[in-house]
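Naming: A, B, ... by sequence-line order, numbering from 1 per chain.
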2 protein chains.
Amino acid sequence: MSLAETINRPTLHQELVDRIRNLVIEDKLKPGEKVPEKDLCEAFGVSRTPLREALKVLASEGFVILQANRGARVTHVTRQELADTFPVIARLEQLAGELACVQLSDVDIAQIEDRHRAMLAAYSANDRPAYFQANQNIHQALIQGAQNKILEDHHKLLAARIQRARFMVNLSNDRWAAAISEHETMMTHLRARDAAQLGLTMKAHIENKFAAFMQGIDAQSDG
Amino acid sequence: MSLAETINRPTLHQELVDRIRNLVIEDKLKPGEKVPEKDLCEAFGVSRTPLREALKVLASEGFVILQANRGARVTHVTRQELADTFPVIARLEQLAGELACVQLSDVDIAQIEDRHRAMLAAYSANDRPAYFQANQNIHQALIQGAQNKILEDHHKLLAARIQRARFMVNLSNDRWAAAISEHETMMTHLRARDAAQLGLTMKAHIENKFAAFMQGIDAQSDG
DNA sequence: AAATGTAATTATGAATTCATAATTAAGTCA
DNA sequence: TGACTTAATTATGAATTCATAATTACATTT
């Protein structure tokens, strides 16, 4: 352990990137919506310079789209984008699972067991918010457990983009039960440190989530 | 064919992002080097505003690192970053191979055959620049053939970062021969439209490239 | 001469200003 | 009334300006 953490006082634009990205993820800024610089400047109490810097970064991350002389718009989460994103996330999680099996300490795995139990408790209590949180904790722990910064960064970005669609569909009871079952299998492989199997299970888990997701969207547009 | 290309007058910052990124990839801007805004402004004949916007984007892409009040430095391509990046690229190419097998038309495949033959010719002629170009063309065609924008974007970014290390090592004759052989296998699977096998071969191809790469680095630091 | 403290210089973060492209509003004519 | 012009307004891209942090140059002390 080093003597001190490096001092990290974020600049305005860094802060703005995070804050505006959160507004998009939390659906406070709606897809397709124009994002007038003036309004955001007033909302955040900053000038246009750092705000525009932030918008450039958010555009490169895919949360807004910039049109020359016509400002920024929040991007839509299209069906196609979801269809493209899920397979990529699935492969990233597969890799993460394989690496985590090798990299995680027994203590780390025990902590994930705790989170897994918390997730089961949320399921039993039919507490969806708690379930989503616990579920996210577990996936995040496995991703971080892979100890691969590139993998983590790219996964984080894609996960944030997917997360924007969470308002579109709600988890069916069947899919919820299946997800719980898949997580049980994941834990079994993690305990056994079976890298290949954990990877395959995580990949399938995301692919199944995707299938349910698309069904949900279809059902929504039908109804 | 449409009557005209859409007018694409990129904003200064977009142009700058591409230009400066290329400077970094082409090693014109060296790792660790400070990038004084003033110098770049003069070099490109623009003011600091669009230049700084570009630096923010390049920082989010990992080509420079920004320290508050201390400007931008070109990032180093560390051993660890390479070790993290290759496995991710390998999985992305695996996915691309699987998708391309399904998505590509017979005509597309015939074009890739052409590029493959060009690559073989370059190998026979011992023409390394031509080989690298042909090789890159093939991989790019397969990635684009997957018709997955997310996959393509993320692959492009990672490939650019890897490319920065190409100056560090040179291809051994053994590895070159092996790479040619792996490409032959890839073409066999592509012709047969065997998605799973093409994916696995492409994944292994990148992993082997990585292993040779690391050996090359080791040899370099030994010598 | 080396180390420390201080002033001058430079570079950066952010606000402001300016020029121009888009958009909106108003006006004109059929 | 409704389509088409044209003027006014607004928003954006980029340059400039300003305040301050960081660096450098210099002086002082031992």
Side-chain angles (χ1 to χ4, degrees), chain A residues 3-24 28-76, chain B residues 4-24 28-75:
Chain A
L3 195 63
E5 294 294 308
T6 57
I7 294 172
N8 190 15
R9 187 165 50 84
T11 57
L12 283 184
H13 102 271
Q14 289 168 328
E15 185 73 24
L16 288 170
V17 167
D18 289 337
R19 300 260 225 122
I20 299 174
R21 193 197 292 111
N22 281 339
L23 289 180
V24 174
K28 302 274 173 59
L29 290 173
K30 308 283 184 188
E33 194 173 326
K34 250 189 315 192
V35 187
E37 297 175 1
K38 190 162 156 287
D39 296 2
L40 282 180
C41 286
E42 285 169 11
F44 288 111
V46 299
S47 78
R48 282 176 61 216
T49 303
L51 185 105
R52 299 181 86 254
E53 289 170 350
L55 288 177
K56 304 287 185 282
V57 172
L58 289 168
S60 87
E61 292 181 354
F63 291 100
V64 303
I65 186 167
L66 301 177
Q67 293 173 296
N69 296 314
R70 299 177 64 169
R73 298 187 95 88
V74 178
T75 52
H76 283 96
Chain B
E5 294 294 307
T6 57
I7 294 172
N8 191 15
R9 184 166 52 81
T11 57
L12 284 184
H13 104 271
Q14 289 169 330
E15 185 74 22
L16 287 170
V17 167
D18 289 337
R19 299 261 224 120
I20 300 174
R21 192 197 292 111
N22 282 340
L23 289 181
V24 174
K28 302 273 172 59
L29 290 173
K30 308 281 183 191
E33 194 172 328
K34 249 189 317 192
V35 188
E37 297 176 2
K38 190 162 156 288
D39 296 1
L40 282 180
C41 285
E42 286 168 11
F44 288 111
V46 299
S47 76
R48 282 177 61 216
T49 304
L51 185 105
R52 299 181 86 253
E53 289 170 350
L55 288 178
K56 304 287 185 281
V57 172
L58 290 168
S60 88
E61 291 181 355
F63 291 101
V64 302
I65 185 167
L66 302 176
Q67 293 172 295
N69 296 315
R70 298 177 63 171
R73 297 186 99 85
V74 178
T75 51

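What separates CZ of B:F44 from C1' of D:dA15 is a distance of 18 Å, to the nearest Å. Computed from coordinates, the B:L55 CG to C:dA11 P distance equals 15 Å when rounded to whole Å. One atom, CZ of B:R73, and another, C1' of C:dT12, lie 14 Å apart when rounded to the nearest Å. In this structure, the CD atom of B:E37 is 14 Å from the C1' atom of D:dT16, given to the nearest Å. For the pair B:D39 CG and C:dT12 P, the computed distance is 9 Å after rounding to whole Å. C:dT16 atom P lies 14 Å from atom NZ of A:K38, rounded to whole Å. In this structure, NZ of A:K34 is placed 9 Å from C1' of D:dA11, rounded to the nearest angstrom. Computed from coordinates, the B:L12 CG to D:dA15 C1' distance equals 11 Å when rounded to whole Å.
By the 4.5 Å heavy-atom criterion applied to side chains, B:V74 and B:K30 are not counted as neighbours. With contacts defined as side-chain heavy-atom distances shorter than 4.5 Å, the pair B:I20/B:F44 qualifies.
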Steps toward side chain to side chain contact (heavy atoms under 4.5 Å, CB included) verdict (B:V46, B:E15): CA-CA 11 Å; B:V46 299; B:E15 185 74 22; over 6 Å; no
Stepwise side chain to side chain contact (heavy atoms under 4.5 Å, CB included) check, B:E53 with B:T11: CA-CA 11 Å; B:E53 289 170 350; B:T11 57; over 6 Å; no
CA sep, side-chain torsions, deciding dist, call: B:R21, B:D18, side chain to side chain contact (heavy atoms under 4.5 Å, CB included): CA-CA 5 Å; B:R21 192 197 292 111; B:D18 289 337; 3.0 Å; yes
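Separating the NZ atom in A:K56 from the CD atom in B:Q14 is a distance of 8.0 Å, to the nearest 0.5 Å.
The side chain of B:N69 lies closest to D:dA21, out of D:dT12, D:dA21, D:dA14.
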Per-nucleotide pairing state of DNA chain D [Watson-Crick or G-U, under 3.5 Å; [ ] pseudoknot-crossing; | other strand]: ||||||||||||||||||||||||||||||
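Across the interface with DNA chain D, nearest-nucleotide mapping of B:R70 and B:R48 shows B:R48 to be the residue nearer the 5′ end.
Here the side chain of A:T75 pairs a donor or acceptor atom with the backbone of A:G62 at under 3.5 angstrom.
Put simply, the side chain of A:T49 and the base of C:dA15 share a donor and an acceptor less than 3.5 Å apart.
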